[in-house]
Structures are given as C-alpha cells and as structure tokens.
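Order of the sequence lines fixes the chain letters, A, B, ..., with proteins taken first and strands second; residue numbering starts at 1 for each chain. The figures that follow rest on heavy atoms only: side chains count, while hydrogens, waters and symmetry mates do not.
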Number of protein chains: 2
Amino acid sequence: MANSIEANCLLCMQRSDIFRNLNDNELHSVNSCRVSIKYHQGEILFKQGSPCHDFVCITSGMVKLYLESESDKRIIIGFVKPVDYIFVPGAFTDKRHHFTAVACEETTACLVGSDVFQQIVEANSAFSSAFLNKISEQAIRMFEQLSSLTHKQMPGRIADVLLCLSQKIYNANPFVTSLSRQDIADMSGMTKESAIRIMKTFKDDNLIRTEGDLIELLNIPLLETISRNG
Amino acid sequence: MANSIEANCLLCMQRSDIFRNLNDNELHSVNSCRVSIKYHQGEILFKQGSPCHDFVCITSGMVKLYLESESDKRIIIGFVKPVDYIFVPGAFTDKRHHFTAVACEETTACLVGSDVFQQIVEANSAFSSAFLNKISEQAIRMFEQLSSLTHKQMPGRIADVLLCLSQKIYNANPFVTSLSRQDIADMSGMTKESAIRIMKTFKDDNLIRTEGDLIELLNIPLLETISRNG
DNA sequence: TTCAACCGATGATATAAATCATCAGCTTAA
DNA sequence: TTAAGCTGATGATTTATATCATCGGTTGAA
C-alpha cells in the first residue's frame, strides 16, 4: 500500500475513541482491508448520491460535508478533523451517500470496506453503542443548525458560524482558515455577497478582524448576544 | 397500573420491529418498568431542555416533535405514529431533551426508564444495530428537511409539506388532519399567513382542495414539480 | 504570456417574505 | 352569557435578502 501512512490501526486507536471497543480479531479485519489515501484541497472523497462502499476516517487535514440541491446550492452540514470518522447514514439504509465530502486542505483518510465495518457494528455492542453516542451528538448539532438557519436573520447566522469556527472547528482565536467566503455563506445559508456584507458590518463595529485567511473574534460576548437575538 | 392498555410488551412486539431483537429476560425488564399513559390533544409528553428519564413508544394517536427557539418560534422536525418510538438523542449524551413532543390528538404512549433501555442497547448488539438503522433514516430525513427549508422558496416548501403529509404521515389522499395552518407553517419554516397564502394559490390553481380538516391533493405531478423547482 | 476563472468587495435594484392590521367564526373559560 | 382567545383568511406595508452588475487581484491552465 503505497499511500499508507500508518502501519496498522493501533496508531489510530490511540486517538479515535470508538476503536477502543474493538478486540484484536476485529482490529485485524479492519486493518487488513484498510487503505490510506491522500487528497488534495478541493478533491472529492465521495459524492452525494453515489453508492457508499467505504467507511472513512480522517487522519490528517480537514474535510467539509455538504448537501447539494437541484439548483446547485450547497449547505455545509459539518467538518471532520483528525482523528475522526465520517458518519454515513446511508451505510445503514440505502447504501447511498446523502451528502458530499470534500477536502478543505491536504487530507489523508483511511478507508475500510463498509461490509467489514457493518459486521463489527452488528457483532460488537460496545462499538455500536459508542457509535450511537456519536450519532446522537451529530443529531443534536443538526437541530441547532436547523434552528439557526430557519429562525435567525443573517447577522445571527454569521455570528453562529464565526463562533463555531473559532470554538469548535479550529479551537483558536485568531484562527487561519482555508474556507472561502462562499464556504461561510454555505454554512450560514445565504449568498456569498450577503455573507461578505455582514462580515463587513462586523468589522466596522470592531466585532471581528480579518487579514487574509486569518479571522479574529474581538468581541465574543457581543457576538454571542447577536447569535442569541437572531 | 390504571392507564395501562397492554398487559405486556408482547403485543407491541408484533408491530414495532426493533423489539424483535430482545430476548425474554430483556423483554421482562422492559415490561416490568413500563407505564402506559394517555395524553389529550395538545398535551406535552416532554419539553425541550428538560431531563430525559424515559424511553417513549407511541401506541395510539400521533405526536409532533418540534424545536423551540429563543424567539418562541417553532420548527416541526417530525411526527411519531403507532407503533413507533421517539428517538431522543439526548439519552445518549447529556440526558436532556433537545426538542419538545406534543400529542397532536388523543395519544397513548408506553414509557420505559431510559436506564433500563440504555443497558439493553449496550448489551444487545442486534438491538443497537437496529436502532442505528432507525437513526440513520431519521438523519437522512433531517438532511432533506434542511435542504428544503434553506434552499426552496415558499411554494416548494409547502408542496414538500403537503406531499409528506399525504405520502408519509397519513398514507392517504384525501386525508383528514388535526394539524392547524400554524403547524403547517411550522413544518415549512414560514409564518402562518404565508402558509395560508401559498395554500390559497394552490387552491386557486386546482392543485389542492381543502374542506375543513380535509386536504386533497388534486395534481400530485405538478406539486412534485413545484417541490423540485423550489 | 495571455486568457479564463474564481475570489473578495461593493453598489443598485428587485423581490420574497415577514409584519401589521383587520375581520368573522368558533371554542373555551369566567 | 359574555368575554377572551385561537383559527382561517385577506389586504397593505415594510424589510430582509437575493440578484445583477462591476471591479481589481490572484491563480491556474492553455
């Protein structure tokens, strides 16, 4: 395996909680069909609507997940960072991908055949239970996003996105991002122009500072108030 | 147990798939702490933000689930009909409810302590695996709703709601509903006035017919086109 | 090297949708 | 039995947001 960056799954185990629930046999079957692949920025890991064959775990870089609509509009539903896996609901139902995954930057991912994975889920209850916890968190995040996108006006939605990026995605305050304004617009359900305009007003009001790919939140309490007031 | 309508869980088993995966011991422990409760229309089964103690299975009637925002706006994220259970993601994470459940009509529900339930999920992998399938379907439905609410204009969203009600909730074409126009507005992320206006234009164009609590879809292909075009 | 394509940015304009107001019919509570 | 409140309905008005157009800068491909 030319692209493989880890010798086996043990390295991953130290970081991705869910694999702690696997025994040696299970780990071996995962490892034996594991493939590590490198993606360049903008490359697609899998596409909405396509059949899902593999369980995907991100080992470096970052991936964005988005829904595509008929009218070519996108909505970003989440990001996946190392070491974490992409929960693909279609793997348990119609074997189709229901969103698209794209590398935001140079990214490496381990792929494991979803049949192997599925067998383990069905056999190992600690594993599937850990999986349940993970999905539950994701469901709760989806509720928050749905609430934000449908009930808040643009300033509240942009505030939500900026706080999310700083506090959940990058875990840093000035943070450097590879996301474009279009991506931020896709996260907050508006056009690129509107996202830029709102960010401009935030800059004018000294709520944030931007410099190239860097964004700094200067007044988090006020951003939180804007988020709360919608 | 005065309100109990079933003697034990076997009756439910015949209809709710997921319980087929339980053995006698597990069924007994579920049954022993089961309580059946009757709710009147509009009564709350549980409230967003409150601690979640019980696993809830609907045995008659119908329940609507909705998110509440600070500004008292609601968004309906789903309905639960007999015999099906309510997936409460908080049960696996922070032990809080993240949405509110309200009886749309006279409803009976079986409550089982979530600790008992949790133990079974952790011990019985067939059960938790079946649970995973269920949640996956729900996640996919959430994607569709998110896409509809953020990318489609009002006519498309109302068309989505009407098709959903007829084809997924009531499984009938003229169908009688206990949902108000406000509920339909809450399903489609708009104000009551806008929902009424769009439905009026649909009536004028002979797409639908309404008579009291009855709604009939007269031109489903065209409604589907409107849904697709957003 | 040049052309095409995308990005951030900004202004002018159009429009989708919310808000406000009103009214009639019906149910519920005092 | 009356008053209060909710529902469906409709019109007038306001406002939030998308769309369209343009521009300079950068990147990437031919």
Side-chain angles (χ1 to χ4, degrees), chain A residues 40-43 64 69 71-76 102 104-106 148-162 176-204 208-215 226 229-230, chain B residues 40-43 64 69 71-75 102 104-105 148-162 176-204 208-215 226 229-230:
Chain A
H40 297 295
Q41 181 170 24
E43 285 184 348
K64 63 181 172 190
S69 68
S71 47
D72 273 334
K73 287 172 190 158
R74 295 174 177 181
I75 179 124
I76 292 179
V102 167
C104 299
E105 49 195 66
E106 290 291 301
S148 171
L149 292 186
T150 55
H151 287 324
K152 293 183 186 178
Q153 291 182 316
M154 296 200 295
R157 306 207 303 265
I158 289 289
D160 279 342
V161 165
L162 293 173
V176 175
T177 178
S178 57
L179 301 177
S180 67
R181 304 301 150 123
Q182 182 65 61
D183 286 325
I184 291 175
D186 290 343
M187 290 178 74
S188 48
M190 63 185 73
T191 60
K192 186 186 60 169
E193 293 94 322
S194 293
I196 290 171
R197 260 184 265 270
I198 302 292
M199 287 179 69
K200 175 74 161 57
T201 68
F202 283 7
K203 274 189 266 189
D204 293 345
I208 62 170
R209 180 175 72 88
T210 69
E211 209 177 306
D213 289 341
L214 180 140
I215 299 177
I226 291 172
N229 296 345
Chain B
H40 297 294
Q41 180 170 26
E43 285 184 348
K64 62 181 171 190
S69 69
S71 47
D72 273 334
K73 286 172 191 160
R74 295 174 178 182
I75 180 124
V102 167
C104 300
E105 48 195 67
S148 171
L149 292 186
T150 55
H151 287 325
K152 293 183 185 178
Q153 293 184 315
M154 296 200 296
R157 306 206 304 265
I158 289 290
D160 280 342
V161 165
L162 293 173
V176 176
T177 178
S178 57
L179 300 177
S180 67
R181 303 301 151 121
Q182 183 64 62
D183 286 324
I184 290 175
D186 290 343
M187 290 178 74
S188 48
M190 63 185 72
T191 59
K192 185 187 61 169
E193 293 94 323
S194 292
I196 290 171
R197 259 184 267 271
I198 302 293
M199 286 180 70
K200 174 75 159 59
T201 68
F202 282 6
K203 274 188 268 188
D204 293 347
I208 62 169
R209 180 175 72 88
T210 69
E211 209 177 306
D213 290 340
L214 180 140
I215 299 177
I226 291 172
N229 295 344

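Between A:R157 and A:S188, the closest heavy-atom pair is NE-O, 2.7 Å.
When the C1' atom of C:dA17 is taken as reference, atom CD1 of B:I158 falls 12 Å away, rounded to whole Å. One interatomic measurement links the two molecules: CD of B:Q41 to C1' of D:dT7, which rounds to 13 Å at whole-angstrom precision. Rounded to an integer number of Å, the gap from CD1 of A:I215 to C1' of C:dG8 is 12 Å. Here D:dT27 presents its P atom at 18 Å from NE2 of A:H40, a figure rounded to the nearest Å. Between the P atom of C:dC26 and the CZ atom of B:R181 lies a distance of 15 Å, rounded to the nearest Å. Atom-to-atom, CD1 of A:I184 to P of C:dA9 comes out at 10 Å; the value is rounded to the nearest Å. C:dA16 atom C1' lies 14 Å from atom CD of A:Q153, rounded to whole Å. Between the CG atom of B:D183 and the P atom of D:dC6 there is a distance of 14 Å, rounded to whole Å.
Remark on DNA chain D: of its neighbouring residues B:L179 and A:E193, the 5'-side contact belongs to B:L179, judged by nearest-heavy-atom nucleotide.
One finds no side-chain N or O of A:K73 lying less than 4.0 angstrom from the OP1 or OP2 phosphate oxygen of D:dA18. Applying the 4.0 Å criterion to OP1 and OP2 of D:dA9, one finds that B:K203 has a side-chain N or O inside that range. Using a 4.0 Å cut-off, no side-chain N or O of A:S194 falls inside it from OP1 or OP2 of D:dT17. Using a 4.0 Å cut-off, some side-chain N or O of A:T191 falls inside it from OP1 or OP2 of D:dA18. Applying the 4.0 Å criterion to OP1 and OP2 of C:dA17, one finds that B:R197 has every side-chain N and O outside that range.
The neighbour count for B:D72 CG, taken as heavy atoms of other residues, nucleotides or ligands under 6.0 Å away, does not exceed 12.
Evaluated for a side-chain hydrogen bond (donor to acceptor under 3.5 Å, both in side chains) with B:T210, the options B:R181, B:K203, B:K200 yield exactly one hit, B:K203. Shown are B:D204, B:V161, B:I158; of these, the side chain to side chain contact (heavy atoms under 4.5 Å, CB included) with B:M199 is made only by B:I158.
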Report task. Apply side chain to side chain contact (heavy atoms under 4.5 Å, CB included) to A:L179 and A:C104, showing your working. Result -> CA-CA 7 Å; A:L179 301 177; A:C104 299; 4.2 Å; yes

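When distances are taken from the side chain of B:M190 to each of C:dA9, D:dT17, C:dA18, the shortest belongs to C:dA18. When the nucleotides D:dT17, D:dT10, C:dA18 are ranked by their closest atom to the side chain of A:M154, D:dT17 comes out on top.
As judged by a 4.0 angstrom heavy-atom cut-off over every strand, A:Q182 is placed among residues touching the sugar-phosphate backbone only. Using a 4.0 Å heavy-atom distance criterion, A:S180 is classed as a sugar-phosphate-only contact. B:K192 comes within contact range of at least one nucleobase, with a heavy-atom separation under 4.0 Å.
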